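These numbers come from a predicted model, not from an experiment. Worth knowing before you read on, the calculation uses all heavy atoms, side chains too, and leaves out hydrogens, waters and symmetry mates.
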Amino acid sequence: MKRLYKQAHERIDRSQIIHFHWQGAHYTGYAGDTLASALLANDVKLIGRSFKYGRQRGIMAAGVEEPNALVVLEPNSGYHLPNARATEVEIYPEMVAQPASGIPSINEDVRAWLKPLHRFMAAGFYYKTFMSPASWWPKYEEQLRKLAGFAPAPSQPDAETYDHYHRQTDVAVVGGGAAGLAAALAAANAGSTVLLLDERPQLGGELVVDAARDPEAAAWLARTRAALEAHAKVQILVRTTAYALHDFNLLLALERRQDHLPLGSRNPKLTRQRLHRIRAHQVILATGSHERPLMFANNDLPGVMLASAVSRYQYEYAVLCGSKPLVVGNNDSIYDVARDLVKAGTRPTVVDCRIGYDASDLTKLGVIVKQGYTVVKAEGRDSVERALIAKTAYSDTHGWVVGESPETVSCDLIACSGGFSPLVHLDCHTGSKPWFSTEHQAFMPACDKPHRYVAGSVNGQSDWQGAAAEGEYVGLLAAGQAANPVAAPKLLKVADFICPEVGRDKIFLDMQNDVKVSDLELAIRENYRSIEHIKRYTALGFGTDQGKTGNVNGIAVAAKIMQLPIAEVGTTTFRPMYTPVTMGVLAGSEVGLHSDPQRFTPMQASHVAQGAEFEVVGQWMRPWYFPQGSEDLHQAVARECLAVRNSLGMMDASTLGKIDIQGPDAREFLARVYTNNWAKLAPGKCRYGLMCDENGMIIDDGVTACLSDNHFLMTTTTGGAARIYTHLETWLQTEWPDLEVYLTSVTDHWSTTGVVGPKARRLMEKLCKDVDFSAANFPFMDWREGTVCGIPARIMRISFSGELSYEINVQANYGRFLWDSVLEAGKAFNITPYGTETMHVLRAEKGYVIVGQDTDGSITPYDANMAWAVSLNKSYPFLGQRALTRSDTARAGRKQLVGLLTDEPNKVLNEGCQLVAETGSKAMIGHVTSSYFSPVLGRSIALAVVKGGLDLLGTKIYAKPLSYEVIPVTIVDSVFYDQAKEKSDGEI
């Protein structure tokens, strides 16, 4: 391998020498080089080792279809990028790169020692060998992953940023080759706005190679590219890969904005990569095609390359990939590659399985052309040194037959071409199925979705003129203009697949995953007949490669073994992403606080000043507990609980979800979404509501206040606010559009301060003079309007603790002032702020459920012992009512909510621990949902769901926490404190 003299259309800048590091050694290249071209120019043949067998692998392709050359960039840093393709990586000064696998280590030594055992490591080897006994698999897995041929994930935080960009355009063109350029220019000249995407650093695609061969192609490329770059209606995105196409022409594309720049020169104010979400009225797919390798023994040896890649390296990067090349294939394109190599000063040998092509111009130059032959094996120690070729014969009944008397050809490069596979993936992402063309010996795009077109080699065009003509035609169609149909594509003469016989030699289909021809034969022998099943059994088309070079060959092999037409075998399902996409760009700017933003109540500054510890609940930073001095969680919670039970506490309840419901049908709407009745709830009254889904399972609960006959204020759980709002809107808009009801989320509009405890009435009378707080005039579940500390407020007498409690709701801007005022006025009663942990203890003492903790999506109101909240006599059944009559929902023995008391009062159960009926039993009959130590009761308490639990009150069962200790417990009523409700009116 060597660097050639200057090529007419090379993409390298010889005036800029780039120094980079590969596997600890120093190398040089030129600006514009890819890592692959720079390594080839430095005669680096070994690029890594294979995934399964650890075989030496070299560079095979020149673009995204490269299966072998996976590398790690900037390892052990914030710029660590694993499993990048060397063929896509543009070198920059002081780049540090290494193979994704194959670094000298004990793992590579182990893989070398295992080489004699490779014959036993066929498809399914790991499942058959290591999955029994199942308990040992984690131990095997840890060691096997160390041997796998992929790079480890980064261990340091990403030093760069990413973003998303939303676009709209009349026409989106994917592909910057001849067809894409012509289509974009035609559509723009017709008046459409055009967005042109290409994954390479410069427009042109494979046309760059044609430009080097044909002056007319070079002139057309220069002229068209200049016209597009100057066109006011055209936007061009290079280094941009369209990796997914969804319904209604939503195109997703990844733009690599700074990957090619030196680390020190990257602008920290710009993102490294950008995800474009493009909504296009029309989409033109000019995605081109990928060359397929031939199938022969040792076809993964370094020095075996795709023929088109050899020409690309020659013309784009001035790299000669071998001094003694052998060009072999089954189609006419190999002769153009041979002519390219002659121009580079070599005398290649051409091997064509067919006969009849006129290659006299090559033979006159001293090129050996052997028609009616194919390669059957590559040989060499570390790279190709020779090839064995054998005669071929073709018959309509038996297909290709390869002779058994091979000849030896000395070579250091095998440039092979087994035909071309159109890139149909984007067309298939919305459900289209490609069809097999015997003329092209390839799967062709269906293009059967509206507002979509294909052009160029993806549609069978074999020369740049035909591709450009078809591109112009579909560009005009996409812009809404009439166009004259193009002539039928000039066919590239491609022979049928030469599928080798299964033997002991390793013939690879999927080189990235080490899938061999024999693996497919084994899968089919074990009765995997669907190509989807064959894929999963063998890993054909897995990984970052997604079968770009191997899948169609694999389909052909499977068809031969099963004696079926290739069209009947079909393809596997194409799914995004066709090329790898970084996790960073998928997340975009939604990381850290942008991913899960913190929400603060108006009282946040006061909570911080009081030394609160916080926990996140539905994105809200809620006070967890308020430690004093050196108190820990348990000490602080005990103090807060006793203060609420014996005197006075206060709590920030602003985070509860609040939904304003208005309209003449508001009552009917509430009756349908809640299990209980709402027809007679009068203004000034509140009611607890239980909400179920269509399956009759509890999904939320809360208190709703009647503000007027047609106006209600619903509260939801903190974590369920957005979900419940969406749930209500969904039913209102899709199932009950006849109801005149209007919903508005007002969670952030109101601030809520709860005053809780026996002395709550005395403090409220001090704070508010225009409301009568006597028990007779302000009973439980009523609300009043009043002025608290000079602020207009809604005061609701509701309780989540069992104590006398008032919730003061004020406009959010007054929230902190009100909190501070209540705290100051309450000092006379030793008022104590408390947090969510104390709230949980207080509510558990009263047996109040927390939806999502004591329920899990499988608990009905009856399971939760809340039949009192269910009304079955409504004119219109509530959501889930019908489901409550199903045989499973109504059966005996369902898990039901009960209380648990441990025999040892100080023993606190672990939440989630299993419950069994007998000490030695393994049959789980329930689990603990909530567990605390109750300061007021002086013992532990727990809530649990137990099979048939309501019929087992007083029964002894056993808890098994993670420590495997067996703890005896007694099933009791779920209400532990104040069962007679004597405390609810506080001090009279």
Side-chain angles (χ1 to χ4, degrees), residues 7-11 32 62-63 169-242 251 253 255 278 280 282-289 308 311-312 315-316 336 422-423 453-487 489-490:
Q7 303 294 298
H9 298 278
E10 65 185 22
R11 290 185 166 180
T169 186
D170 293 335
V171 179
V173 180
V174 182
L181 296 178
L185 187 58
N189 286 339
S192 295
T193 59
V194 176
L195 181 63
L196 175 60
L197 313 174
D198 192 71
E199 64 192 6
R200 299 185 186 182
Q202 300 176 31
L203 295 177
E206 298 296 326
L207 188 57
V208 174
V209 173
D210 289 304
R213 295 170 177 165
D214 181 358
E216 184 181 347
W220 187 90
L221 172 59
R223 183 172 62 252
T224 306
R225 188 160 55 191
L228 285 168
E229 291 171 348
H231 208 295
K233 287 188 171 291
V234 176
Q235 294 185 65
I236 299 172
L237 291 176
V238 294
R239 298 187 178 92
T240 302
T241 302
L251 192 65
E255 179 187 9
I278 304 160
Q282 311 286 336
V283 170
I284 297 174
L285 301 177
T287 47
S289 56
S308 60
S311 292
R312 279 195 61 188
Y315 289 125
E316 295 186 31
D336 289 329
L423 300 187
Y453 307 88
V454 291
S457 65
V458 69
N459 201 37
Q461 297 290 346
S462 63
D463 60 358
W464 74 267
Q465 295 96 334
E470 188 171 48
E472 181 178 2
Y473 169 68
V474 301
L476 291 172
L477 290 182
Q481 290 198 4
N484 294 322
V486 294
K490 178 182 177 181

Legend entry - Pair Leu181-Leu221, side-chain contact (heavy atoms from CB on, under 4.5 Å): steps then yes or no: CA-CA 8 Å; Leu181 296 178; Leu221 172 59; 3.6 Å; yes
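Checked against side chain to side chain contact (heavy atoms under 4.5 Å, CB included), Glu199 has the following partners two or more places apart in sequence or in another chain: Val64, Thr241, Arg256. Contacts of Asp214 classified as side-chain hydrogen bond (donor to acceptor under 3.5 Å, both in side chains), with partners at least two apart in sequence or in another chain: Trp464. For Ala469, the side chain to side chain contact (heavy atoms under 4.5 Å, CB included) test picks out Val486, with sequence neighbours left out.
Summarising the geometry, atom NE2 belonging to His9 is positioned 12.0 Å from atom CD belonging to Gln202; distances are rounded to the nearest 0.5 Å. The structure places OG of Ser311 at 4.5 Å from CZ of Arg213, a figure rounded to the nearest 0.5 Å. How far CD of Gln461 is from OG of Ser289: 11.0 Å, rounded to the nearest 0.5 Å. We find the OH-CD1 distance between Tyr473 and Ile284 to be 11.5 Å, quoted to the nearest 0.5 Å.
Here the shortest heavy-atom pairing between Asp463 and Lys490 reads OD2-CD, 3.7 Å. The two residues Ala455 and Glu470 come nearest to each other via the heavy atoms CA-OE1, 3.5 Å. Between Gly456 and Ala467, the shortest heavy-atom contact is CA-CB, 3.8 Å. The two atoms that bring Leu185 and Ala227 nearest to each other are CD1-CB, 4.0 Å, heavy atoms only. Closest of all the heavy-atom pairs between Ala186 and Leu476 is O-CD2, 3.9 Å. Pairing each heavy atom of Thr240 with each of Leu237, the nearest pair is OG1-CB, 3.4 Å.
The list of side chain to side chain donor-acceptor pair (under 3.5 Å) pairs with a residue in residues 225-235, not counting sequence neighbours, reads Arg167-Gln235, Asn189-His231. Residues in residues 174-187 take part in no side chain to side chain donor-acceptor pair (under 3.5 Å) pair, two or more places apart or across chains.
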Donor-acceptor pairs are to be reported for all side-chain atoms of residues 191-198 against protein atoms at under 3.5 Å, with residues two or more places apart or in another chain.
residue : atom : partner : partner atom : Å
Thr193  : OG1  : Asp170  : N            : 2.9
Thr193  : OG1  : Asp170  : OD2          : 3.1
Asp198  : OD1  : Gly176  : N            : 2.7
Asp198  : OD2  : Arg200  : N            : 3.1

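Within the 4.5 Å cutoff, side-chain heavy atoms of Leu228 are placed close to those of Thr224. No side-chain heavy atom of Val474 sits less than 4.5 Å from a side-chain heavy atom of Val454. The shortest side-chain heavy-atom distance between Val209 and Arg312 falls under the 4.5 Å cut-off.
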